[in-house]
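Okay, structure first, notes after.
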Amino acid sequence: MAFSGLLRPAVLAASRSPRVERAITRMPATKKMVDRFVAGETERDAVAASSALLGSGRFVSIDYLGEDTTDLDHARGTVAHYLRLLSALADLRAANESPVPRLEVSLKLSALGQRLPQNGYAIAREHAYEICTAAKAAGIWVTVDAEDHTTTESTLAIVRELRLDFPWLGTALQAYLKRTEEDCRTFAGPGARIRLCKGAYREPAAVAYQSRSAVDESYLRCLRILMEGKGYPMVATHDPALIGAALGHVRESGRKSGDFEFQMLHGIRDAEQRRLVGAGHSLRVYVPYGDQWYGYFMRRLAERPANIAFFLRSFGRDR
């Protein structure tokens, strides 16, 4: 196995370690890397970053960072934060009217109480319903993020319930999970919005493909299902080969620019983002913010060997 292949599991394991978190968050080098991937810590930071992206012709999905909440008050605080964010986005939305909402927020159900020991499912569902209600009133979309495989069944069940009242609600599916091909068939119907990504968590071989080639092959199978379906595919990838495959499916299916979109992460492949927009494609940038950035940051490090190498070089200079 290549060195980068050995490092990725270690970095993903570290993303769940409080001890490693304490060490890394105190390192001066960390801030430089975090600033690349995370838009800031406040609503004002998120709105400013979103305004700049919208001005460049891109769409935006804003995520208030946080996950694995096991405290009800904390979960309620996350809901209150999203309600304030939606209010703060009102002026931006008014200035960026379009048939496909250019503004969206992304939710992690574990941040809304999904893992609470008592009634976590019902609590997360009600919190998500409250946010969706406010988003609908503001004319802003919502997508439910994917997390590790232990939450998948619960998350998709909540999404199915919420879509009865909010049929535009999106959800993320991860191509490295072996179940995702069938999930794509289930959610490829009219009105469904699926964000298809490769997957960013450390998962066992029993439920997830482990090699890059197997994940890519699964992504291509899932992408075909979504493109041939009647929903609105959201192609979340930075991989040139997968972008090319998506464009091939678009030509074959006769989809127009308003019938699908690309999605990329804040701070990654900015020139390619601009190129796709310049070619007439819709592209949405995932903009995370908040002070609970550690888990997200570590998953971004794990995705590319160059990220890890840069961080390790910076770590060496700080010692």
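Small disclaimer: the values here were computed from a predicted structure and weren't measured.
The line from CZ of Arg193 to CZ of Phe260 is 15.0 Å long, rounded to the nearest 0.5 Å. To the nearest 0.5 Å, atoms CD (Gln114) and OG1 (Thr70) are separated by 13.0 Å. A distance of 13.0 Å separates CZ in Arg125 from CZ in Arg160, rounded to the nearest 0.5 Å. Note that CG of Leu53 and CG of Leu103 are 10.5 Å apart. Values are rounded to the nearest 0.5 Å.
With a 6.0 Å radius and a threshold of 12 heavy atoms from other residues, nucleotides or ligands, Asp165 has its CG atom above the threshold. Other residues, nucleotides and ligands contribute over 12 non-hydrogen atoms within 6.0 Å of the CZ atom of Arg221. The number of heavy-atom neighbours closer than 6.0 Å to CZ of Arg44, taken from other residues, nucleotides and ligands shown, is 12 or below. The number of heavy atoms from other shown groups lying within 6.0 Å of NZ (Lys178) is above 12.
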Check against ring pair (Phe, Tyr, Trp, His ring centres under 6.0 Å), Tyr176 and Tyr219: CA-CA 8 Å; Tyr176 69 177; Tyr219 194 103; over 10 Å; no

Full working for side chain to side chain contact (heavy atoms under 4.5 Å, CB included) between His281 and Val250: CA-CA 11 Å; His281 302 297; Val250 167; 5.7 Å; no

Chi angles and distances behind the side-chain hydrogen bond (donor to acceptor under 3.5 Å, both in side chains) call for Thr42, Asp45: CA-CA 5 Å; Thr42 68; Asp45 294 331; 3.1 Å; yes

Worked verdict on Thr150 versus Asp148 for side-chain hydrogen bond (donor to acceptor under 3.5 Å, both in side chains): CA-CA 6 Å; Thr150 64; Asp148 72 73; 2.4 Å; yes

Test log, rule side chain to side chain contact (heavy atoms under 4.5 Å, CB included), inputs Val144 and Ile158: CA-CA 10 Å; Val144 175; Ile158 289 173; over 6 Å; no

Worked check of side-chain hydrogen bond (donor to acceptor under 3.5 Å, both in side chains) between Ser253 and Glu228: CA-CA 7 Å; Ser253 65; Glu228 291 178 351; over 6 Å; no

CA sep, side-chain torsions, deciding dist, call: Glu147, Tyr201, side chain to side chain contact (heavy atoms under 4.5 Å, CB included): CA-CA 7 Å; Glu147 302 185 62; Tyr201 293 83; 4.0 Å; yes

Audit row: Glu161, Tyr121, side-chain hydrogen bond (donor to acceptor under 3.5 Å, both in side chains) steps and yes/no: CA-CA 12 Å; Glu161 290 188 46; Tyr121 180 98; 2.5 Å; yes

Verdict with reasoning, Leu83 to Leu85, per side chain to side chain contact (heavy atoms under 4.5 Å, CB included): CA-CA 5 Å; Leu83 297 181; Leu85 173 63; over 6 Å; no

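Between the side chain of Glu43 and the backbone N or O of Leu86, no donor-acceptor pair lies under 3.5 Å. Side-chain atoms of Arg163 never come within 3.5 Å of backbone atoms of Trp168 as a donor-acceptor pair (strictly under, hydrogens ignored). In this structure, the side chain of Ser282 engages the main chain of Ser257 through a donor-acceptor pair within 3.5 Å. Between the side chain of Arg269 and the backbone N or O of His238, at least one donor-acceptor pair lies under 3.5 Å. A donor-acceptor pair under 3.5 Å is formed between the side chain of Gln210 and the backbone N or O of Glu203. Between the side chain of Arg284 and the backbone N or O of Met264, no donor-acceptor pair lies under 3.5 Å. At least one donor-acceptor pair under 3.5 Å links the side chain of Thr180 to the backbone N or O of Gln174. Judged by distance alone, the side chain of Ser154 and the main-chain N or O of Thr151 form no donor-acceptor pair under 3.5 Å. One N or O on the side chain of Gln273 and one on the backbone of Leu265 form a donor-acceptor pair closer than 3.5 Å. At least one donor-acceptor pair closer than 3.5 Å links the side chain of Tyr82 to the backbone N or O of Tyr64.
No side-chain donor-acceptor contact under 3.5 Å links Arg115 and Thr69. Looking at Asp216 and Tyr209, their side chains never bring a donor and an acceptor atom within 3.5 Å of each other. Side-chain contact annotation: Ser106 with Ser61, donor-acceptor N/O pair under 3.5 Å present.
For His74, there are no ring pair (Phe, Tyr, Trp, His ring centres under 6.0 Å) partners at least two apart in sequence or on another chain. In this structure Asp259 satisfies the salt bridge (Lys or Arg N to Asp or Glu O under 4.0 Å) test with no other residue, sequence neighbours excluded. Listed by chain and residue number, Glu272 satisfy the salt bridge (Lys or Arg N to Asp or Glu O under 4.0 Å) test with Arg275 (two or more places apart in sequence, or in another chain). Checked against side-chain contact (heavy atoms from CB on, under 4.5 Å), Ser56 has the following partners two or more places apart in sequence or in another chain: Arg58, Arg274. Applying the salt bridge (Lys or Arg N to Asp or Glu O under 4.0 Å) rule to Glu130 yields the partners Arg76; only residues at least two apart in sequence or on another chain are considered.
Among the candidates Leu92, Asp91, Leu89, the single residue satisfying the side chain to side chain contact (heavy atoms under 4.5 Å, CB included) test with Ser51 is Leu92.
Residues Val100 and Val277 fall within the same hydrophobic cluster, defined by Ile, Leu, Val, Met, Phe, Trp and Tyr side chains chained together at heavy-atom separations under 4.5 Å. Linking ILVMFWY residues whenever their side-chain heavy atoms come closer than 4.5 Å, directly or via other members, places Phe166 and Leu173 in the same cluster. Taken together through direct or relayed side-chain contacts under 4.5 Å among Ile, Leu, Val, Met, Phe, Trp and Tyr, Leu196 and Leu177 form parts of separate hydrophobic clusters.
In this structure, Leu72 shares a hydrophobic cluster with Leu116, Ile123, the cluster being traced through Ile, Leu, Val, Met, Phe, Trp and Tyr side chains under 4.5 angstrom apart.
In this structure, Tyr232 and Trp141 have perpendicular ring planes: the angle between them is above 60°, well past the 30° mark.
Taking both residues in full, the closest heavy atoms of Gly113 and Ala124 are given as C-CB, 4.2 Å, listed atom of the first, atom of the second, then distance. Scanning all heavy atoms of the two residues, the minimum distance from Leu109 to Ala128 falls at CD2-CB, 4.0 Å. The two residues Arg179 and Leu156 come nearest to each other via the heavy atoms NH2-CD1, 3.7 Å. Of all the heavy atoms in Ala135 and Val142, the pair that sits closest is CB-CG2, 3.5 Å. Thr143 and Ala172 make their closest contact through CG2-N, 4.3 Å (heavy atoms, listed as atom of the first residue, atom of the second, distance). Summarising the geometry of Val287 relative to Ala49, their closest heavy-atom pair is CG1-CB, 4.3 Å, with the distance given to 0.1 Å.
Comment: Arg212 does not engage Glu217 in a salt bridge, judged by the lack of any side-chain N to carboxylate O separation of less than 4.0 angstrom. Looking at Glu261 and Arg102, no side-chain N of the basic residue comes within less than 4.0 Å of a carboxylate O on the acidic one, giving no salt bridge.
With contacts defined as side-chain heavy-atom distances shorter than 4.5 Å, the pair Leu65/Asp63 qualifies. Using a 4.5 Å cut-off on side-chain heavy atoms (C-beta onward), Ile225 and Glu181 make contact. In this structure, Phe59 and Val285 have side chains that are not in contact, with every pair of non-hydrogen atoms separated by 4.5 Å or more.
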